[in-house]
Trainee: 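Supplied in structure tokens, the structure appears directly below.
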Amino acid sequence: MSRLAQTHGLTDVQTEILSTVRDFVDKEIIPVATELEHRDEYPQDIVDGLKELGLFGLMIPEEYGGLGESLLTYALCVEEIARGWMSVSGIINTHFIVAYMLKQHGTQEQKDHFLPRMAAGDIRGAFSMSEPALGSDVSAISSKAVRDGDEYVLNGQKMWLTNGGTSSLVAVLVKSDEGHPEGSAAHKSMTTFLVEKEPGFGEVRPGLTIPGKIDKMGYKGVDTTELIMDGLRVPADRVLGGVTGRGFYQMMDGVEVGRVNVAARGCGVAQRAFELGVQYAQQRHTFGKQIAQHQAIQFKLAEMATKVEAAHAMMVNAARKKDSGERNDLEAGMAKYLASEYCKEVVEDAFRIHGGYGFSKEYEIERLYREAPMLLIGEGTAEIQKMIIGRRLLEEYRFQG
């Protein structure tokens, strides 16, 4: 273990899990990540290894075949995996958001049907909230579900679906006016549907098409897609929780978990950038000595290490708050905001330490430099986080005048 980003108060089981994951990252992910990323190749062997380790069931209760671990354990594992390759952490993140939503909000039949196979990694989850014209305005969702007997008919186009091709279960947020007349609050007319499909691209079930992978600047390997529903029929018993109109709250609960995950990813990428920067600074010589001996470089290393420590501490605090059963939107927003911003800054400083070589695809920092920006927008932009933080602070510090 490195000196930075240590977490105190872990159980022996948590420590053993993290040690196993870190060993897997060092041996199975870091040596191949850059090559696979440059080819934009799905890391099937790595995913199979994670399945063997039982990580797809990490937070799923033991009664459904999972390990029953906490959000903190999950976040620390994500931090380690993102240190190796951020795309791999994205593969398990969306899976866990869906598993968490099922655990918290699903009917007993839905839990019994999905969670054991999700714990085994036989069902891979994805969730779909965004749309082409949506951005951060969730209330502007235009995809719709209309009741037709014992089924709902879904129409609309969704966007930025991580694991869109490789998943076999998608939690889809759409508008459903049933019981919520036109003109009622937008968030009260949203419903989450559990949509089963075949992995792959094209028409993956009647009425549901995954067109193909979106070509991205970074965050490669993992498939990011659109999702098009055209007369998609979904049984009524696949409404998450069995009741319409609760989709917004269910998704926001899942997104809180996702924000802790993004914070953990930022911590992991920043740690790796620091490792690369401090290592290169001791290998590169200028003016007769290691560049690490130049004060300017030492200042950079000091700032980078401090940011890694601060982001890690906030991420751990947000995870522990959620695990306690308390509301954690303030802590999750702060952790996501700080970790993603600090990640960008630490990666850029490591890039600067590498000098011209940082611009070469031969060096790992080039990949990190393209990956870090995704964290600035994933699970809500910095501006959205600051809105959440500001509103919550005004609730906590309401002036009594």
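Heads up: numbering here begins at 1 and tracks the sequence.
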Trainee: Under the criterion salt bridge (charged side-chain N to carboxylate O under 4.0 Å, His left out), I'd like the reasoning laid out for Lys220 against Glu41: C-alpha separation, chi angles, the key distance, then a yes or no.
Mentor: CA-CA 7 Å; Lys220 294 178 179 290; Glu41 181 177 327; over 6 Å; no
Trainee: What verdict does the salt bridge (charged side-chain N to carboxylate O under 4.0 Å, His left out) test give for Arg83 and Asp26, after you've listed the backbone C-alpha separation in whole Å, the side-chain angles of each residue and the deciding distance to 0.1 Å?
Mentor: CA-CA 9 Å; Arg83 176 181 152 269; Asp26 287 338; 2.9 Å; yes
Trainee: May I ask you to test the His294-Thr286 pair for a side-chain heavy-atom distance under 4.5 Å?
Mentor: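 Side chain of His294 against side chain of Thr286, heavy atoms only: contact under 4.5 Å found.
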Trainee: Ile46 and Phe24: side chain to side chain contact (heavy atoms under 4.5 Å, CB included), yes or no, with the steps?
Mentor: CA-CA 9 Å; Ile46 293 173; Phe24 181 84; 4.1 Å; yes
Trainee: I'd like to know if the side chain of Asn163 pairs up with that of His95 as donor and acceptor (distance under 3.5 Å, no hydrogens or angles considered).
Mentor: no
Trainee: Hey, what do you get for CG (Leu4) to SG (Cys267), rounding to the nearest 0.5 Å?
Mentor: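 Reported to 0.5 Å precision, the distance equals 11.5 Å.
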Trainee: State whether the number of non-hydrogen atoms from other residues, nucleotides or ligands found under 6.0 Å of Glu362 atom CD is greater than 12.
Mentor: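 No, the 6.0 Å shell around CD holds no more than 12 heavy atoms from other groups.
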Trainee: Testing Lys322, Glu326, Arg327 one by one against Ser324 for a side-chain hydrogen bond (donor to acceptor under 3.5 Å, both in side chains), which residue passes?
Mentor: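 Looking at Lys322, Glu326, Arg327, the match for Ser324 under the side-chain hydrogen bond (donor to acceptor under 3.5 Å, both in side chains) is Glu326.
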Trainee: Check Ala382 against Glu341 and note the closest heavy-atom contact, atom names and distance.
Mentor: CB-OE2, 3.5 Å
Trainee: Return yes when atom CZ of Arg391 has more than 12 non-hydrogen atoms of other residues, nucleotides or ligands closer than 6.0 Å, and no otherwise.
Mentor: no
Trainee: Are Asn155 and Val146 close enough, and set up right, to give a side chain to side chain contact (heavy atoms under 4.5 Å, CB included), and what steps lead you there?
Mentor: CA-CA 9 Å; Asn155 288 283; Val146 177; over 6 Å; no
Trainee: I'd like to check Val195 versus Leu169 (side-chain heavy atoms, cut-off strictly below 4.5 Å). Are they in contact?
Mentor: no
Trainee: Side-chain contact test, heavy atoms from C-beta onward, threshold under 4.5 Å: evaluate it for Leu375 versus Met86 and give yes or no.
Mentor: yes
Trainee: Is it true that a side-chain atom of Asn328 and a backbone atom of Lys321 form a donor plus acceptor pair closer than 3.5 Å?
Mentor: no
Trainee: Does Gln298, at its CD atom, have more than 12 non-hydrogen atoms belonging to other residues, nucleotides or ligands within less than 6.0 Å?
Mentor: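 It does: Gln298 CD has more than 12 such atoms within range.
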Trainee: Mind running salt bridge (charged side-chain N to carboxylate O under 4.0 Å, His left out) on Lys386 and Glu383 for me, showing each step along the way?
Mentor: CA-CA 5 Å; Lys386 286 189 276 190; Glu383 290 73 22; 5.1 Å; no
Trainee: Regarding Tyr74 and Asn93, do their side chains bring together a donor and an acceptor under 3.5 Å, going by distance alone?
Mentor: yes
Trainee: Is any NZ, NE, NH1 or NH2 atom of the basic residue among Glu35 and Arg39 found under 4.0 Å from an Asp or Glu carboxylate oxygen of the other?
Mentor: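 Yes.
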Trainee: Between Ser360 and His354, is the side chain to side chain donor-acceptor pair (under 3.5 Å) condition met? List the steps.
Mentor: CA-CA 10 Å; Ser360 167; His354 279 75; over 6 Å; no
Trainee: Would you indicate whether the side-chain heavy atoms of Thr191 and Gln250 approach each other to under 4.5 Å?
Mentor: no
Trainee: If you take all heavy atoms of Tyr342 and Ala310, which pair is closest and at what distance?
Mentor: CE2-CB, 4.0 Å
Trainee: If you measure from CG on Leu76 to CD1 on Ile17, what distance do you get to the nearest 0.5 Å?
Mentor: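 With rounding to 0.5 Å, CG (Leu76) is 10.0 Å from CD1 (Ile17).
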Trainee: Nearest heavy-atom pair of Val260 and Ala332: which atoms, and what distance?
Mentor: CG2-CB, 4.2 Å
Trainee: I would like to know whether Lys216 and Thr224 meet side chain to side chain donor-acceptor pair (under 3.5 Å); could you show each step before the answer?
Mentor: CA-CA 8 Å; Lys216 310 182 294 288; Thr224 306; 3.1 Å; yes
Trainee: Answer yes or no: is there a side-chain heavy-atom contact under 4.5 Å between Arg265 and Glu79?
Mentor: no
Trainee: State which residue, out of Thr192, Val257, Asp253, fulfils the side chain to side chain contact (heavy atoms under 4.5 Å, CB included) condition with Met101.
Mentor: Thr192
Trainee: Using the rule given for side chain to side chain donor-acceptor pair (under 3.5 Å), can you reason through Ser87 versus Glu37, listing the C-alpha separation, both sets of side-chain angles and the distance that settles it, and then say yes or no?
Mentor: CA-CA 9 Å; Ser87 292; Glu37 196 271 350; over 6 Å; no
Trainee: I'd like to know if the side chain of His285 reaches the main chain of Gln283, judged simply by a donor and an acceptor atom lying under 3.5 Å from each other, with no hydrogens or angles considered.
Mentor: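 Yes.
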Trainee: Show, in sequence, the C-alpha distance, side-chain angles and deciding distance for Lys111 and Glu63, and conclude whether the salt bridge (charged side-chain N to carboxylate O under 4.0 Å, His left out) test is met.
Mentor: CA-CA 10 Å; Lys111 295 176 186 178; Glu63 62 189 284; over 6 Å; no
Trainee: Salt bridge between Lys307 and Glu345, side-chain N to carboxylate O under 4.0 Å?
Mentor: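 Salt bridge: yes.
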Trainee: Does the side chain of Tyr42 reach to within under 4.5 Å of the side chain of Val47, using non-hydrogen atoms?
Mentor: yes
Trainee: Going by an N to O cut-off under 4.0 Å, is there a salt bridge joining Lys344 and Glu348?
Mentor: no
Trainee: Would you say CD of Gln108 has more than 12 non-hydrogen atoms from neighbouring residues, nucleotides or ligands within 6.0 angstrom?
Mentor: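 Enclosed: over 12 neighbouring heavy atoms sit under 6.0 Å from CD of Gln108.
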Trainee: Using modelled atom types only, decide if a donor and an acceptor are shared between the side chain of Asp323 and the backbone of Leu71 within a distance under 3.5 Å.
Mentor: yes
Trainee: Under 3.5 Å, is there a donor-acceptor pair between the Glu131 and Ser143 side chains?
Mentor: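 Ser143 and Glu131 do have a side-chain donor-acceptor pair below 3.5 Å.
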Trainee: Identify the two heavy atoms, one from Val98 and one from Gly125, that lie closest to each other, and give their separation to 0.1 Å.
Mentor: CG2-C, 4.2 Å
Trainee: Minimum heavy-atom separation for Thr225 and Gly164, please, with both atom names.
Mentor: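 Of all heavy-atom pairs spanning Thr225 and Gly164, the closest is OG1-CA, 3.3 Å.
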Trainee: Start with the C-alpha distance between Glu371 and Trp85, add both sets of side-chain angles, then the distance that settles side chain to side chain donor-acceptor pair (under 3.5 Å), and finish with yes or no.
Mentor: CA-CA 9 Å; Glu371 288 179 339; Trp85 185 12; 3.1 Å; yes
Trainee: Between Lys300 and Glu303, is there a salt bridge with N-O shorter than 4.0 Å?
Mentor: no
Trainee: Around atom CG of Asp23, are there more than 12 heavy atoms of other residues, nucleotides or ligands at under 6.0 Å?
Mentor: yes
Trainee: Less than 6.0 angstrom from the centroid, inside 45 degrees of the normal: does Arg124 satisfy that with respect to the ring of Phe56?
Mentor: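 Yes, a cation-pi geometry holds between Arg124 and Phe56.
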Trainee: Any side-chain heavy-atom pair from Arg259 and Met334 closer than 4.5 angstrom?
Mentor: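 They are not in contact (no side-chain heavy atoms under 4.5 Å apart), so the answer is no.
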Trainee: Are more than 12 heavy atoms, taken from residues, nucleotides or ligands other than Arg205, located less than 6.0 Å from that residue's CZ atom?
Mentor: yes
Trainee: Around atom CD of Glu198, are there more than 12 heavy atoms from other residues, nucleotides or ligands closer than 6.0 Å?
Mentor: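 No.
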Trainee: Would you say Gln385's side chain and Gly380's backbone share a donor-acceptor pair under 3.5 angstrom?
Mentor: yes
Trainee: Could you pull out the closest heavy-atom pair between Ala350 and Ile365, with the gap in Å?
Mentor: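 Nearest heavy atoms, Ala350 then Ile365: CB-CD1, 3.6 Å.
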Trainee: Measuring from atom CZ of Arg3 to atom CD of Glu309, what distance do you get when rounded to the nearest 0.5 angstrom?
Mentor: 6.5 Å
Trainee: Could you give me the CA-CA distance, side-chain angles and deciding distance for Lys213 and Phe201, then say whether side chain to side chain contact (heavy atoms under 4.5 Å, CB included) is met?
Mentor: CA-CA 8 Å; Lys213 294 200 302 184; Phe201 300 97; 3.7 Å; yes
Trainee: Dump the intermediate steps for side chain to side chain contact (heavy atoms under 4.5 Å, CB included) on Ser70 and Gln14, then the final yes or no.
Mentor: CA-CA 9 Å; Ser70 63; Gln14 288 174 314; 3.6 Å; yes
Trainee: May I ask you to test the Leu194-Phe114 pair for a side-chain heavy-atom distance under 4.5 Å?
Mentor: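 Yes; the side chains approach each other to less than 4.5 Å.
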